[in-house]
J.: 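Shown below is the structure under consideration.
Just so it is clear: chains get the letters A, B, ... in the order the sequence lines come, proteins before strands, and each one is counted from 1.
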2 protein chains.
Amino acid sequence: MDDEQASGDAPAEARIAAARGSRNDHTRRHNLSALLTAVHYGGPLTRAQLTRDTGLNRSTIGGLVAELAELGLVLEDAAAETGAVGRPSLIVRPRTDVVALALHPDVDALELGAVAIDGTVLARRRASLEVPPTPADTVAFAWEAAREVAAELGGARVVGIGAAVPGLVDADGATVVDAPHLGWRDVVLGDALGDALGIPATVGNDANMGLRAEWSFGAAKGVDTVVYLNGSASGIGGAALVGGRMLRGGRGYGGEFGHMMIRSDGERCSCGRSGCLETEVNAPRLDAAAHDATALDGYAETLAAAIANLECAFDPDAVLLAGYLGALFDVRRSLVTERVKALAFRPDVEDVVIARAALGGNRLLIGAAERAFAPLLQDPAGIPLVSLA
Amino acid sequence: MDDEQASGDAPAEARIAAARGSRNDHTRRHNLSALLTAVHYGGPLTRAQLTRDTGLNRSTIGGLVAELAELGLVLEDAAAETGAVGRPSLIVRPRTDVVALALHPDVDALELGAVAIDGTVLARRRASLEVPPTPADTVAFAWEAAREVAAELGGARVVGIGAAVPGLVDADGATVVDAPHLGWRDVVLGDALGDALGIPATVGNDANMGLRAEWSFGAAKGVDTVVYLNGSASGIGGAALVGGRMLRGGRGYGGEFGHMMIRSDGERCSCGRSGCLETEVNAPRLDAAAHDATALDGYAETLAAAIANLECAFDPDAVLLAGYLGALFDVRRSLVTERVKALAFRPDVEDVVIARAALGGNRLLIGAAERAFAPLLQDPAGIPLVSLA
DNA sequence: GGTATATGTTTTCTCCGAGAACATTTTAAC
DNA sequence: GTTAAAATGTTCTCGGAGAAAACATATACC
């Protein structure tokens, strides 16, 4: 961020900062947040490492860690054998009995998981469905599954529940504006879940949740600028991390890369336009072309054109492909890479990593849980935890 | 920003925050920055307004304003007649003798301006050219013009110089990686300018600078998410403000919307691809079609398709059109608006404002100056000002 | 076993904003 | 015109936060 300050590339940021002054206790909150965030993403860290990473004083770190321990958020272990000179430093790690619930309603199933603050999926429940779930089905399932998971986990404390929904979600983090494959329109799922379970609830787009998970614990760990494309039964979902922040857009509908026009002579799309990426490369087409090398080549080229376009716009450090796009990439890796390079507008395209997403079936649960953990990470002392028992 | 905290949509932000702890004096710097930023963008404000806007205590505001005044950055005037009950509040305004220099090398001219901290262009020098300037020409012109401007302005104090270059600029804010229309490659203009003038120098892409200016004082004032398209002799430059921050990308090459593929059967572009927006809609074509209504309609439709694609990706609050794209929009306003609406994928497209950029010939100078002011706005007490005399 | 080194712990110090008390300046009421 | 009320500026005191120094502790190396 010093880099950012030097180049001064955060104009609106600055104007926003003007809206609120900083009180003295903001400092404490910020530092508690910094420490909890560090052990959340970085795993167990010694107090000495925290001291170096934050630039804070030893004594300050001691006080902050003590407060986090009192809040029941971290534990301190005796130091491991390092072989280094000097008094060994205590190891700080997040308590795994602090969990978030994660919910994923999809066309053919409902799934709920309990995810620990270190990203481990501790328990899960899944119900296969013949028809897409209604919002009421979804809330009922969440309630029942949460009870079962609570019984299984015993005394865990929960920070909230996050839901990953395949569709447009409003920037308020509660309203599903339009989820065509589920048949939902203007469903305030966040409020319904929160009321039913008695814990804070947030809703997000599934692609955003997926990228969040990959950024936290997967293939995009620690990278600053990422474009994410996920191919699923519900079409192609897109998301982007821009300068370390999720692309949201004015109303929360940013990142719909599945509906970027990629062939002006392409087929009519359900969205009313023609030649959208999602209509050109989709699950039925890929299934049909499973043993047709030429057809697969064509789809790979279309994917490459889309990636080149996105690189043009975002100049990402990494492009992440998930779902059937990840599978297509795996069987046409060199073709995609080469075509992107040929189509790329800019120098040093080699710097852009194209990779398949890493987290598999846990991705959405982890991403939704991350979203639920976010308020706790921002204000460790200010967010109450609810006992699951 | 509280909104952001609630929805928790800043994952990497959080991880970055973990890297640095907050010391106590950061608070002071933050608050000084908040005040100077407020009067920079908001014009003269009373101390009472600052108190309300920042949430800080009256006494604290008093101390902060006094420090800014001592630093020579703001002045306090007697209150204006308001007719309200109570002791009138002092008016705080930025001192207009604090300036930044702004430089714009283009294919046919060199231009330098001195811009006050309130966004006013105080003085300018321009040299028309037969052939594009070399980097050496540019630095020599900057030196000479800066001397003249200094003589004209007398005792002004300068914070630095910003240059807006039509081409790819590295994220370091100094290196012009490729400016094809100028014929520059890997020119470290920032260092050359800084050494010659003896003041801090930053270089940026002209489209980014243009958007920055429009965001600060023009048609995108105060808006959070903006897509910007500028048509000029050097092609189409693009830029985006995403969640209040300039889109930069991993290497600083983000926002090159002029090279997004918009027609898969389009003409070959100089960049090696086909059907780029810039090859489909450009100055020569528009000039040739000046009195050909059908052709203009076609270009307007192409522009609309590009805007629809960008709305899909960014969900902006506003789309800003400058240069010949602004002119095209002015003569085909309803056609563009309607086609965008028809092509748009999302609900409530009406919320997206499409508008022509406002600042005209001052845009790049103001934007480049804003860039030079940025470090001062972030740390008012830490940036030395150089006397121009 | 002694020493150097690194870290945890305790104490003291400084800085910052909040808040209370008081001063100042205007409008409104009588 | 005088007085009261309201809003803001000014001064002083207070509590909280991190820094820094002094001291305590635990390890490796000789």
Side-chain angles (χ1 to χ4, degrees), chain A residues 17-35 38 44-71 74-92 379-382, chain B residues 17-35 44-70 74-92 379-382:
Chain A
R20 281 268 149 249
S22 171
R23 296 205 191 81
N24 214 347
D25 52 323
H26 286 28
T27 304
R28 185 71 174 187
R29 187 189 314 171
H30 178 269
N31 287 342
L32 285 173
S33 168
L35 290 196
L45 293 169
T46 65
R47 271 162 67 166
Q49 280 173 302
L50 290 171
T51 304
R52 279 188 291 270
D53 291 354
T54 59
L56 295 172
N57 193 279
R58 284 211 298 274
S59 58
T60 308
I61 294 289
L64 289 165
V65 171
E67 183 167 348
L68 288 176
E70 248 175 62
L71 289 164
V74 303
L75 289 175
E76 282 194 288
D77 294 333
E81 310 267 323
T82 62
V85 188
R87 178 174 177 173
S89 189
L90 298 175
I91 292 176
V92 183
D379 185 11
Chain B
R20 283 263 150 254
S22 171
R23 296 207 191 79
N24 215 347
D25 53 324
H26 285 30
T27 305
R28 186 73 173 185
R29 188 188 312 173
H30 178 269
N31 287 342
L32 286 173
S33 168
L35 291 196
L45 293 169
T46 66
R47 272 163 67 166
Q49 280 173 303
L50 290 171
T51 303
R52 277 188 293 269
D53 291 353
T54 59
L56 294 171
N57 193 281
R58 284 211 296 276
S59 56
T60 308
I61 294 289
L64 290 166
V65 170
E67 184 167 348
L68 288 177
E70 249 175 59
V74 303
L75 290 174
E76 282 194 289
D77 294 333
E81 310 268 323
T82 63
V85 187
R87 176 175 177 172
S89 189
L90 299 175
I91 291 176
V92 182
D379 184 12

J.: I want to verify a distance call: between C:dT24, C:dC16, D:dT27, whose nearest atom is closest to the A:Pro88 side chain?
T.: D:dT27
J.: Starting from P on C:dC15, measure out to CZ on B:Arg29 and report it in whole angstrom.
T.: 16 Å
J.: Does A:Ser89 make a side-chain N or O approach to OP1 or OP2 of C:dG8 shorter than 4.0 Å?
T.: yes
J.: Starting from C1' on D:dG15, measure out to CG on A:Asp25 and report it in whole angstrom.
T.: 11 Å
J.: With heavy atoms under 4.0 Å as the rule, sort B:Gly63 into base, sugar-phosphate or nothing.
T.: nothing
J.: Toward the 5' end of DNA chain D, which comes first, B:Val85 or A:Asn57, by nearest nucleotide?
T.: B:Val85
J.: Mind checking whether B:Leu68 and B:Pro380 have side chains closer than 4.5 Å, heavy atoms only?
T.: yes
J.: Distance check: side-chain N/O of A:Arg52 vs OP1/OP2 of C:dT7, anything under 4.0 Å?
T.: yes
J.: Measure CG/A:Leu90 against C1'/D:dA24 and give the value in whole Å, please.
T.: 14 Å
J.: Specify the separation, in whole Å, of atom CD of B:Glu67 and atom C1' of C:dC16.
T.: 11 Å
J.: Is a donor-acceptor contact shorter than 3.5 angstrom present between the side chain of A:Ser59 and the base of D:dA20?
T.: yes
J.: Should B:Arg28 be listed as having a side-chain N or O under 4.0 Å from OP1 or OP2 of C:dG17?
T.: yes
J.: Do B:Glu67 and B:Arg28 make a side-chain contact, defined as non-hydrogen atoms from C-beta onward lying under 4.5 Å apart?
T.: yes
J.: Among B:Leu45, B:Leu50, B:Thr46, find the residue that satisfies the side chain to side chain contact (heavy atoms under 4.5 Å, CB included) test when tested with B:Ser89.
T.: B:Thr46
J.: Can you tell me how far C1' of C:dA6 sits from CD1 of A:Ile61, to the nearest Å?
T.: 16 Å
J.: Taking 4.0 Å as the cut-off, does a side-chain nitrogen or oxygen of A:Asn31 come that near to OP1 or OP2 on D:dG18?
T.: yes
J.: Can you find a pair of side-chain heavy atoms, one from B:Thr54 and one from B:Asn31, that are under 4.5 Å apart?
T.: no
J.: Rounded to whole Å, how long is the line connecting atom NE2 of A:His30 with atom C1' of D:dA17?
T.: 14 Å
J.: Looking only at side-chain N and O atoms, does B:Arg47 come under 4.0 Å of OP1 or OP2 in D:dT8?
T.: no
J.: Of the nucleotides C:dA18, C:dT25, D:dG18, which one has an atom closest to the side chain of A:Leu56?
T.: D:dG18
J.: To the nearest angstrom, how far is A:Asp77 atom CG from C:dG8 atom C1'?
T.: 16 Å
J.: Quick one: which of D:dA26, C:dA18, D:dA19 gets closest to the side chain of B:Thr60?
T.: C:dA18
J.: Between A:Thr51 and A:Arg58, what is the shortest heavy-atom contact and its length?
T.: CG2-N, 4.0 Å
J.: Taking only N and O in the side chain of B:Arg58, is any of them less than 4.0 Å away from OP1 or OP2 of D:dT10?
T.: no
J.: Whole-Å distance between C:dG8 C1' and A:Leu50 CG?
T.: 14 Å
